[in-house]
Amino acid sequence: MTSALVLLSAAFPISTILFFLSSRFKGTDLVSFNLYLASNAPFMLIALVFLISFLVTVMKNKTFWTKEHREWKQDPSALMQLAFLWIFGLAMVVQSCLKTIDTLHCVHITSNGFALGYIGRTVSSIAKAAYILLQTIFISLNFKKCFIKSSAWINFMFSNILFGNLVIWLGYISDRSANLYYFENTTLFNQTLNCNNSQSITYQAIHSMYTYMVPVTLEYILLATATVLKMLPTTNNTTSSSQNIQFIRTSESNNMKGVRTAGYFITIGVHVPIFVFALLIRFVFLHDVDVMMPYWEAMAAVQKLLTLIMLAVGFAFLEYRKSDAWRLSHDDYILLCCMVAKLIRLIVVTFSICVCKITRRYLLLSNNILYLFQLFYFTLYILMSRRPIRLGIIKSRVSIFIQTAFFVIMIARWGIAAFVFSVLGTDIITDEMVCVFGDRRQWTVIQFIVTPFSVFYDFCSAMHLYRSIHVHT
């Protein structure tokens, strides 16, 4: 993987240099800002060209390059992940196409440096849309497959895919950071983005989509990257990391389906008020969040306490697992990395509650402490539940019900964190609590980097649980 390391390590300094060179203009030069926004165009074009060559080469002789991934083939959550990948990918393609239409209009009414900047942004949007679409097609055509052998060419092509995703992610971070630090004049920023054409239909569509497209973009990048990593040619692909998942069909399978259905309906029914309350905070009381926060924190504390109780019961009813050697899979490592990101956010918020003057301190502190315990034991429970069950052991109804409830809880948390409480990459609930940074913009930038992984933890957990629910039943 030397070529992968070289290519990926080159992406960071290149993007960083471009960002800091552009920052010298301090937001007073529209021409320079347009050129900066277009600076990722050559990197997207490079990634697109290599992706096309990789796709064509593999499709010419799939049997020579790929084979079935045994564990992935038996994964019940794989199709769900692919569906989310297509939904997110198509949404990003639509947004890029709208941006292309808008910037093409700007090219005709501007000149000199402005036109060059808008041309670059047009090329960047087209390349991004084509790259996302082709990457999604590549993943779909090679779904549940892995590459047979490792070579310098294979490693380079896979690193190119990761490089393309990295460029999109770094572009998001640098754009948001540039707006935060150097382009605080929103009128200037908006003029640069839409060339004074705020009444156009495409601009209105882009503006209305932007808040929701930030989490969609980041979740797509993480999901696509996690899926591509499963295709890497390693010795573990021939043998399941769960050591041959077993699907046990017994006379009790129909009863297990009934338990799952009951778990879905009961947990959804319990969480409907929580979801409605979250929608009220986001769309009705957004500018007066403090009014609703005591009730929300109380509900969250009760939910976390009940989740800890359910975890204790879940561990008690967890079936006997094989005691032989068990290695973590790619999914497990991704889950642990996302857990670290969630811990970073949680520790910073908890520390701020302790040292800052915050109302409802004890409620907030108890809530965060409960969440710390829950995060640790919940991750441990997921990793334990992925270990293979001993032959002849059938999962209990209690275990199935608890895992079904956890699946609904994590899907709900993911939806609320990613699309309800997230505004342009920051969390509206915890944003006001943090006071340990001299400049609040530092915490905002940290959120830009950490939040996607923190939110993706909930999605990964839900997929792990869905897999566990439908295996061994």
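Sequence positions, counted from 1, serve as the residue numbers for this chain.
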For [X] and [Y], indicate whether the former's side chain and the latter's backbone hold a donor-acceptor pair under 3.5 Å.
| X | Y | value |
| --- | --- | --- |
| D458 | M410 | no |
| S366 | L363 | yes |
| S385 | I382 | yes |
| Y220 | A91 | no |
| S454 | V450 | no |

Which heavy-atom pair separates [X] from [Y] by the least distance, and what is that distance?
| X | Y | value |
| --- | --- | --- |
| V455 | A418 | CG1-CB, 3.6 Å |
| G164 | Y131 | CA-OH, 3.4 Å |
| P452 | L222 | O-CD1, 3.4 Å |
| T267 | G263 | OG1-O, 2.6 Å |
| I469 | T404 | CD1-CA, 3.5 Å |
| A301 | L370 | O-CD1, 3.8 Å |

With heavy-atom distances below 4.5 Å as the criterion, would you say the side chains of [X] and [Y] are in contact?
| X | Y | value |
| --- | --- | --- |
| I274 | W296 | yes |
| F43 | I168 | no |
| F138 | I161 | yes |
| Q303 | V270 | no |
| F421 | I281 | yes |
| F401 | I266 | yes |
| Q135 | N165 | yes |
| V284 | M292 | no |

One pair to check against side-chain contact (heavy atoms from CB on, under 4.5 Å): L229 and Y333. What are the steps and the verdict?
CA-CA 11 Å; L229 288 176; Y333 284 115; over 6 Å; no
side-chain contact (heavy atoms from CB on, under 4.5 Å) between L383 and H464, worked out
CA-CA 9 Å; L383 295 178; H464 279 283; 5.7 Å; no
Euclidean distance, [Y] [atom2] relative to [X] [atom1], rounded to 0.5 Å:
| X | Y | atom1 | atom2 | answer |
| --- | --- | --- | --- | --- |
| S77 | D331 | OG | CG | 7.5 Å |
| Y381 | F406 | OH | CZ | 6.5 Å |
| I139 | W86 | CD1 | CH2 | 9.5 Å |
| L335 | F456 | CG | CZ | 10.0 Å |
| F459 | I334 | CZ | CD1 | 11.5 Å |
| T307 | I309 | OG1 | CD1 | 9.0 Å |

Return the orientation label for the [X] and [Y] ring planes: parallel under 30°, perpendicular over 60°, tilted otherwise.
| X | Y | result |
| --- | --- | --- |
| Y377 | F373 | parallel |
| F88 | F419 | tilted |
| Y295 | F277 | perpendicular |
| F407 | Y466 | tilted |

Quick one, L55 with L141, criterion side-chain contact (heavy atoms from CB on, under 4.5 Å). Give me CA distance, side-chain angles, the key distance, then yes/no.
CA-CA 9 Å; L55 181 62; L141 293 176; 4.3 Å; yes
Under the side-chain contact (heavy atoms from CB on, under 4.5 Å) criterion, do I126 and M44 qualify, and how do the steps go?
CA-CA 9 Å; I126 294 174; M44 287 306 307; over 6 Å; no
Would you check if there is a donor-acceptor pair between the side chains of Y457 and T379 at a distance under 3.5 Å?
yes
Residue F283 excluded, over 12 heavy atoms near CZ under 6.0 Å
yes
